[in-house]
Each structure stands twice: as structure tokens, then as C-alpha cells.
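It should be emphasised that the depicted structure is a prediction, and the values quoted were computed from it without experimental measurement.
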Amino acid sequence: MAKALITGITGFAGSHLAEWILNNKKDVEVYGTYRLRSRMDHILHILNDIKTVECELKDSHSVDEMINAVKPDIIFHLAAQSFVPTSWNSPAETLLVNQIGQVNLFEAVLKYGLDCTIQIACSSEEYGHVYPNEVPITEDNPLRPLSPYAVSKVGQDFLGYQYFKSYGLKVIRTRTFNHTGPRRGEAFVTSNFAKQIAEIEKGRKAPILYVGNLQAKRDFTDVRDVVRAYWLAVERGIPGEVYNIASGTTYSIQEMLEKLLRLSPAKIKIQQDQSRMRPSDVEILLGDFDKFHRQTGWKPEIPFEQTLQDLLDYWRNRV
């Protein structure tokens with residue numbers, strides 16, 4: 001059986017990807033990395049169907065041991081410091097986890113001579129400052145990162161290309177635009193709003209929903225569509241290439257919030273919280289996924305309204 005390794009399997013996208021593979025690829029064994037302090041909530045229901053391996057990606061020895069033990073045929077590299085605001089507070093740690101962690105992974109694959117396909121989860125945040133005449137954003141758009149997180153992802157992206165050119169590693173880079181759905185961390189905007197609404201509905205907090213910048217426009221895709229795209233990237237993508245994964249539709253944070261509020265019977269007041277504002281913010285992210293569609297046939301299938309309903313129900317069951 002083929003072995004698929006998911007770094008960061010305990011996370012948001014990692015847990016959904018593991019589920020997708022288990023449900024759709026019966027001839028693939030699923031392995032995943034975790035750290036001692038990782039929360040296992042997202043994968044408790046599938047723990048008996050996967051194999052987990054403790055690994056600290058910042059530690060090259062730990063990565064070496066993990067790769068030698070698993071010897072994967074496919075690697076989905078999803079583990080990262082993935083929250084943009086955290087990168088402002090901990091820029092060095094963000095660069096260390098995201099870039100050095102990936103170098104350690106690549107070096108271990110080279111060391112053991114593995115002929116595996118590696119998908120790197122890069123980010124639309126790499127595009128950063130996008131001019132009005134540059135949307136929808138194609139893969140050829142200039143990269144103008146506006147946060148330490150975005151810079152770290154540019155580094156991961158280019159390291160993937162460099163290791164492909166220098167060593168022939170079969171690296172496929174995916175630049176995923178905003179994705180959300182059940183299990184999204186509460187620090188992320190859609191999930192944060194949904195959790196606040198669920199808490200208000202249950203009387204756990206006053207009927208005031210705190211927000212940051214509502215003017216930013218984002219391209220949202222359901223995480224379950226995104227992980228299907230990750231599989232198609234390794235199955236049908238071309239090593240060395242980079243692909244946008246997006247919905248091709250944009251909503252302002254205000255519009256997204258209004259959609260969520262319509263799903264709740266509660267009467268809620270909106271209040272801006274200055275602590276939720278960033279030093280600089282990307283104004284618009286609208287992706288063109290035509291290149292990926294032509295290569296793999298992928299397109300998003302889950303309506304945004306369904307994503308928001310499932311996300312809100314997820315929080316209703318948890319608060």
C-alpha cells in the first residue's frame with residue numbers, strides 16, 4: 001500500500017485531509033506527525049485508522065528519524081505557524097517553524113533517497129499588496145508580502161522550487177486562498193465570529209460581537225474542497241509548478257459576517273475592537289484557479305452558505 005504522510009495531521013486542514021483519504025483512497029495508509037503539545041481533538045474519531053508519529057519539525061534529528069521510520073510515498077506538508085497576527089508577535093519563530101522545518105523535511109527525504117511526491121501548502125498571503133488591476137490573481141502575479149507569515153510562506157514556496165530544480169525533488173506548490181469550515185481555529189475570522197454567535201445564543205456572553213477590519217475582501221473555499229484539491233495536486237499536478245486553490249469569488253468580511261448573522265435568531269450588536277486590527281492588512285485576495293482546474297479538473301463544490309452553516313453548527317455543539 002502507498003503511504004501518505006501528513007505533517008500537522010492534528011490541525012484544521014490536516015485532519016480533514018486524513019478523513020478524505022480514509023474515505024476515498026482505500027489503498028493508501030495514512031501517517032501523520034504530531035508534537036507532544038498537539039491537541040488531538042480533531043483526529044480522535046480516526047485515531048484507530050491512522051498511524052501517528054511524534055516529530056518536531058524544527059529539530060532535524062527528529063525529522064530524520066520520522067522520515068526514516070515512515071518512508072512515505074506522498075508527503076502533504078501542512079504543519080506550520082499559520083496565523084497571520086501571531087507572526088507579528090513572533091516573527092522569528094514563524095520563520096523558523098515554516099522555513100527551517102521545511103528544509104529539515106526536504107533534507108531528510110534527500111538523505112534517505114526517497115522517490116516521493118511532496119505537496120507544500122503555501123498561501124495567497126504571499127501575494128500581499130495587490131493592485132486593483134491585478135485581480136483575479138493568477139500564479140504569475142508579483143509577490144508583495146505584507147506580514148512575517150506571508151514572508152515565511154514566500155520562503156517555503158521558493159525553497160520548494162529550488163529543491164525541485166537543484167535536486168529533482170517532486171515538489172508541487174499550492175497557494176491556497178482563505179479556507180474555512182468545521183474545526184477552523186477560533187483565532188481565524190470566520191470561526192471567531194461563529195463562536196461568538198454560538199456563545200451569545202447560549203447566553204454565555206453579552207449580545208455584542210467584536211470585530212476588526214470589516215472592509216478586507218477575501219476568497220473563501222470550504223476546507224473539504226481544499227483537501228480534495230491537495231490530493232489532486234499530488235495525483236495530477238506537475239512537479240515544480242505552483243497552483244492557486246481558490247473559489248474565484250470574493251466577499252468582504254462585512255458580507256461574510258452578515259451571512260453568519262442571518263443564520264442566527266439572536267439579536268446581536270457589532271462593535272469594533274482595536275486590538276483586532278493589524279499593522280498592515282491585505283485589502284483584497286481574489287484567486288484565479290483556472291491553471292489548477294485545467295491540470296486536474298478541480299473546482300469548488302460546497303456553497304459558501306453551507307460552509308458557514310456547518311461552521312456555526314460546529315461551534316453550537318462545542319460551546
When you compare the side chain of F193 with that of L312, does any pair of heavy atoms fall below 4.5 Å?
no
For Y149, the side-chain hydrogen bond (donor to acceptor under 3.5 Å, both in side chains) test, sequence neighbours excluded, returns none
Is the ring pair H129/Y131 parallel, tilted or perpendicular, if the boundaries are 30 and 60 degrees?
perpendicular
Side chain to side chain, V226 and H16, heavy atoms closer than 4.5 Å:
no
Reported CZ-to-CD1 distance for the pair R228 and I21, which is rounded to 0.5 angstrom
14.0 Å
Aromatic ring pairing Y163/Y167, orientation class (parallel under 30°, perpendicular over 60°, tilted between)
tilted
Determine whether Q196 and N192 make a side-chain contact, defined as any pair of heavy atoms from C-beta on separated by less than 4.5 Å.
yes
Hey, what do you get for CD1 (I197) to CG (L261), rounding to the nearest 0.5 Å?
4.5 Å
Got a second to check how far N244's CG is from D290's CG, nearest 0.5 Å?
10.5 Å
Any non-hydrogen side-chain atom of P72 less than 4.5 Å from a side-chain atom of Y31?
no
Ion pair check, D41 and R183, cut-off under 4.0 Å
no
Quick one: list whatever passes side-chain contact (heavy atoms from CB on, under 4.5 Å) with P142, sequence neighbours left out.
E134, R144
Please work out which of the three classes, parallel, tilted or perpendicular, describes the rings of F12 and H179, given edges at 30° and 60°.
parallel
Would you indicate whether the side-chain heavy atoms of L257 and T190 approach each other to under 4.5 Å?
no
Exactly one of E126, E241, E139 should register a salt bridge (Lys or Arg N to Asp or Glu O under 4.0 Å) with R175. Which one does?
E126
Between F76 and Y230, ring centroids under 6.0 Å:
no
In plain terms, say whether K25 and E235 are close enough for a salt bridge, that is, a side-chain N and a carboxylate O under 4.0 Å apart.
yes
4.5 Å side-chain heavy-atom contact, K217 and L286:
no
Would you indicate whether the side-chain heavy atoms of C116 and V109 approach each other to under 4.5 Å?
yes
Can you tell me how far the NE2 atom of H77 sits from the CG atom of L5, to the nearest 0.5 Å?
10.0 Å
Nearest 0.5 Å please: distance from the CD atom of Q271 over to the NZ atom of K269.
5.5 Å
For the CG atom of L22 and the CD atom of E29, what is their distance to the nearest 0.5 Å?
11.0 Å
List the steps and the verdict of salt bridge (Lys or Arg N to Asp or Glu O under 4.0 Å) for D225 and K299.
CA-CA 8 Å; D225 278 331; K299 61 182 179 181; over 6 Å; no
Taking the side chain as C-beta and beyond, is there a heavy-atom pair between I120 and Q102 under 4.5 Å?
yes
Given the ring of F188, does R184 sit roughly above its face, with NZ or CZ under 6.0 Å from the centre of the six-membered ring and within 45° of the axis?
yes
Do D157 and R173 sit within salt-bridge range, that is, some charged N less than 4.0 Å from a carboxylate O?
yes
Centroid-centroid under 6.0 Å between Y251 and F304 rings:
yes
Any ion pair linking E305 and R262 (charged N to carboxylate O, less than 4.0 Å)?
no
S90/Q81 under side chain to side chain donor-acceptor pair (under 3.5 Å): CA gap, chis, key distance, verdict:
CA-CA 10 Å; S90 306; Q81 192 300 95; over 6 Å; no
